[in-house]
Amino acid sequence: MSVDTLLKGVRIIELADGVAGPMASCRLGDLAADVIKIEEGEGDWMRRSPPFLKDGRTSAVFYALNRGKRSLRLVGEPQDARILQTLLARSDILITDRSDTDLARLGLDEALSDKGNPKLIVARISAYGASGPLAGKAGSELCAQAMAGYTRYLGSAMQPSVRLGADVAGVSTAIFTTQAVLAALIERGRSGRGQRIDLSLLNSLLAMKTVHLAAQSDPDSFEGPRVGGAYDPPESGWATADAPVTFAFGGAVGANGRPGWTSFVKAVGLQYLLDDPRFDKNGRSTTGLGPKARELKGEYEKSFRRMPASEVVAQVRRFGGFASAYLTHRQLMAEPQARVAEVVVDAGGPADVLDFPAHFSDSRPSPRGTLSALGQHNDEIVKQLGLETIEARAG
Amino acid sequence: MAGPLAGRRVVDVSIMAAGPWIGSLLGELGADVIKIEPPAGDGTRWVEPLQRGMGTNYMCLNVNKRSVVLDLKAEEGRNAALELLRSADVFIQNFRGGVIDRLGLGYDVLHSLNPQLVYCSVSGFGEEGPLANEACADFIMQAYSGFARLNGCPGDEFEAFRFTGFIDLTTSIVAVEAVLAALLDRDKAGKGQKVEVSMLKSAMEMQSTRMAELLGADEEPGPRGSNSPNLMPDGAYQALDGEIFLTVHNDRQWKGFCAALEQADLADDSRFASNALRLSNGDVLDAILTPIFAARPMIWWMRALERAGVPCALAQNFETLRYHSQVRDNGMIAEIDTQEWGRVLVGGLPWHFSKTPGMILPPPVPGGATESVLDELRRRSPADFQEVGGS
């Protein structure tokens, strides 16, 4: 059994702030890569982003995305460029969200050109893409969501916009970056050469929107519900005696809808719906989404309001449908399923962390819980490279 | 336009959404992907909306594949699948718990048939535990995982995200990450392994930063309208004629923001001297900012904030973003011509490799490659195929 050696011996240089770059290298670190995070001045802005760990000063998000890395702080001296150049000559991967201008300022233009390390894999993350009129423009999670049209699928028409609460641009870009680096390593195993990969927040969100883009390909020729935008009221589930639930008897639809639905409505005292023409084939199955769901919501709620959410969910599942209450995160953490699935692990650090999201039969990713102080490994790394130490330079 | 996975073969028996997009992404990376569809067809063919009779979900979630229709419940179909898997690099399945074993395509069977195979198994809640055999879908996992609890106006309980199948697709990208790690390991160690991905853990991965609030600071994450818990200002502000979206990440951008607003005293105001202070005095700051933004049009603010280096944007819709030169110049939306269903738009390549770019190929006609693939099997190893077919 190979144990946590997936990326053993692979060195990653991370020169990135916020979510996308740091999260990508964090997960690659969980696969046993050696990650060196490089920061300038006061460092990654996420360091100063609340909320904080129990110590009152370490950003909880910064910890989650930067644990397990070594820290190198640039001090704004000419030697910086030589340290970076030497590091890149001896590394496998650079993950950076810096612009061409910033990289040139750091003295990296040549190291990142064809004259540099031919085996180096360089993942370049930007807000809006490497080409085009907005290349190099500063971006953010929120701006990427707005640019990609995501804010239209939440909230209500003519009301203030609502963002997706999860950092979907940053996290999806982190995952695409991780993929890009792994695919480039696989390719390098054959060709012996590294390459550059460009990624962006906007690009990631549009890739993640493929279902919705396809649905709108040709608005004149499609059949089915309109999926345009923000005119629908917020999706807020079905009310029960306590917490709201969502449910469906969807999936592959037979000629008469899912047979489970018929048994289900009888069991919950809604057998009269069997004779209601609004509950045709689609009404029996597509309960979860679409205009039909809203039209028929009240009928279901007549029964659901008499039961707690747990009972509605149990009844739906009993007849082969799928259902869930809208859990809070604390409620989810208390679920036996979350414990069995090991959603969260103790990595030996100041807070629990999300486990690596996939389980391997033979390999064991191991999230590392320690967080380095800013610049903690300056001397160690510089010595490793055979360069003067920072103290020596300062002296 | 060979991608980094050129020469690798993927056999995909998954249906619906979370499974199939894995194969498509591996195909975009250059792998040869064979989708094995049951005679009854992948259900997404009939999921609305349809375009010229074909489900648009089927089209976008099955790009870069060839389609072979096989009845895995019949011996002939199963034997053909096994023959394909004998030399495949990756296998993808997302049946409900236990089904794949009953079909004779469980991990132990395939691992002894082809020890190099990376076996990717996708589930809703995980393969063990009280919910292991429950079916799942995008909106179910939005509810169960707390994802919906992060959306909405402040004070709202929650709001689900419409239309995009976002958690399905999140599961697919997590699976691709894991499959690539296992392939890399396989190339080094010579042995494939099983990779398990669940919608549950994928949904949690997508919520990494918000879960840090609970795990690190013991605070329940909740909806905040257009604002974030980490930064201030970071939200949508109502200008004279519409909303402007903006974010201030650091002190440099804060100074730029104050300059763009022509509010020199704001930059010197000790209540707003750091991001943490701006967050804790967020209501006070918003009360100052609201009338300032309302006095001028959104394009005014766009220009002013851009000049000051502050991230800002206007919200787009399908018609504005599909023709945006930024989107077009970077190939972020791909226009694919299909033989039978006309032109379909799909998300563009999420990564742009300089030396092995990969490409997006149209979705298959269901069963369109059945004969050619079966012919290939007969040509490649007639004896083996006879043996498997006759056993």
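Everything quoted here is computed from the prediction, not taken from an experiment. Each chain gets a letter, A, B and so on, in the order the sequences are listed, and its residues count up from 1.
- Ranking B/Gly3, B/Gly152, B/Ala175 against chain A, the residue ahead of the rest is B/Gly152, based on heavy-atom pairs under 4.5 Å.
- Of the listed residues A/Met333, A/Arg339, A/Arg48, A/Arg317, the one with more heavy-atom pairs under 4.5 angstrom with chain B than any other is A/Arg317.
- No side-chain donor-acceptor contact under 3.5 Å links B/Thr164 to the backbone of A/Lys209.
- No hydrogens or angles considered: nothing links the side chains of B/Asn330 and B/His352 as a donor-acceptor pair under 3.5 Å.
- Of the residues considered (A/Ile175, A/Leu53, A/Val122, A/Thr173), A/Ile175 shows the highest number of contacts with chain B, using heavy-atom pairs under 4.5 Å.
- Using a 4.5 Å cut-off between heavy atoms, A/Ala123 makes no contact with chain B at all.
- Between B/Phe318 and A/His212, the distance separating the two ring centers is not shorter than 6.0 angstrom.
- When the candidates B/Leu29, B/Leu314, B/Asn250, B/Val197 are compared by the number of heavy-atom contacts under 4.5 Å with chain A, B/Leu314 comes out ahead.
- When each of B/Ala315, B/Ser202, B/Ala40 is scored by its heavy-atom pairs under 4.5 Å with chain A, the top score falls to B/Ala315.
- Both the backbone and the side chain of A/Asp355 come within less than 4.5 Å of a heavy atom in chain B.
- Both the backbone and the side chain of A/Val211 have a heavy atom closer than 4.5 Å to some heavy atom of chain B.
- A/Glu141 and A/Gln145 share a donor-acceptor pair across their side chains, judged by distance under 3.5 Å alone.
- Interface remark: A/Leu65 contributes side-chain atoms only to the contact with chain B (heavy atom separation under 4.5 Å).
- Nearest heavy-atom pair, B/Arg149 versus B/Phe158, reported as atom, atom and distance to 0.1 Å: CA-CB, 3.7 Å.
- Proximity to chain B (any heavy atom under 4.5 Å) is shown, for A/Ser161, by both the backbone and the side chain.
- Within the 4.5 angstrom heavy-atom criterion, only side-chain atoms of A/Arg190, from C-beta onward, approach chain B.
- Salt-bridge formation is not detected for the pair A/Lys8/B/Asp185: no Lys NZ or Arg NE/NH1/NH2 atom is positioned less than 4.0 Å from an Asp or Glu carboxylate oxygen.
- The candidate from B/Asn57, B/Leu131, B/Ile336 with the greatest count of non-hydrogen atom pairs under 4.5 Å with chain A is B/Leu131.
- With a 4.5 angstrom heavy-atom cutoff, A/Tyr150 touches chain B via backbone and side-chain atoms both.
- Ring centroid separation for the pair B/Tyr144 and B/Phe125 comes in under the 6.0 Å cut-off.
- Each of B/Gly347, B/Ala148, B/Ala143 has some count of heavy-atom pairs under 4.5 Å with chain A, and the biggest count is that of B/Ala143.
- In this structure, chain B has no heavy atom under 4.5 Å from any part of A/Arg124.
- The choice from A/Ala64, A/Ser172, A/Gly189 that makes the most heavy-atom pairs within less than 4.5 Å of chain B is A/Ser172.
- Contact annotation for A/Val168: both backbone and side-chain heavy atoms come within less than 4.5 Å of a heavy atom of chain B.
- Under a 4.0 Å N-O distance rule, the pair A/Asp167/B/Arg210 does not qualify as a salt bridge.
- The part of A/Val353 that comes within reach of chain B is its backbone (N, CA, C, O), which places non-hydrogen atoms under 4.5 angstrom from that chain.
- Contact of A/Arg188 with chain B is not made at all, since no heavy-atom distance falls under 4.5 Å.
- Interface residue A/Pro244: only side-chain heavy atoms are found under 4.5 Å from chain B.
- Residue with the most contacts toward chain A among B/Gln207, B/Gln238, B/Glu157, B/Gln253: B/Gln207 (heavy-atom pairs, distance under 4.5 Å).
- The contact between A/Ala180 and chain B is made by backbone and side chain atoms together, counting heavy-atom distances below 4.5 Å.
- A side-chain donor-acceptor contact under 3.5 Å links A/Ser363 and B/Gln193.
- Between B/Arg224 and B/Asp234 no salt bridge is recorded (no basic side-chain N to carboxylate O distance below 4.0 Å).
- Heavy-atom distances place both the backbone and the side chain of A/Tyr128 under 4.5 Å from chain B.
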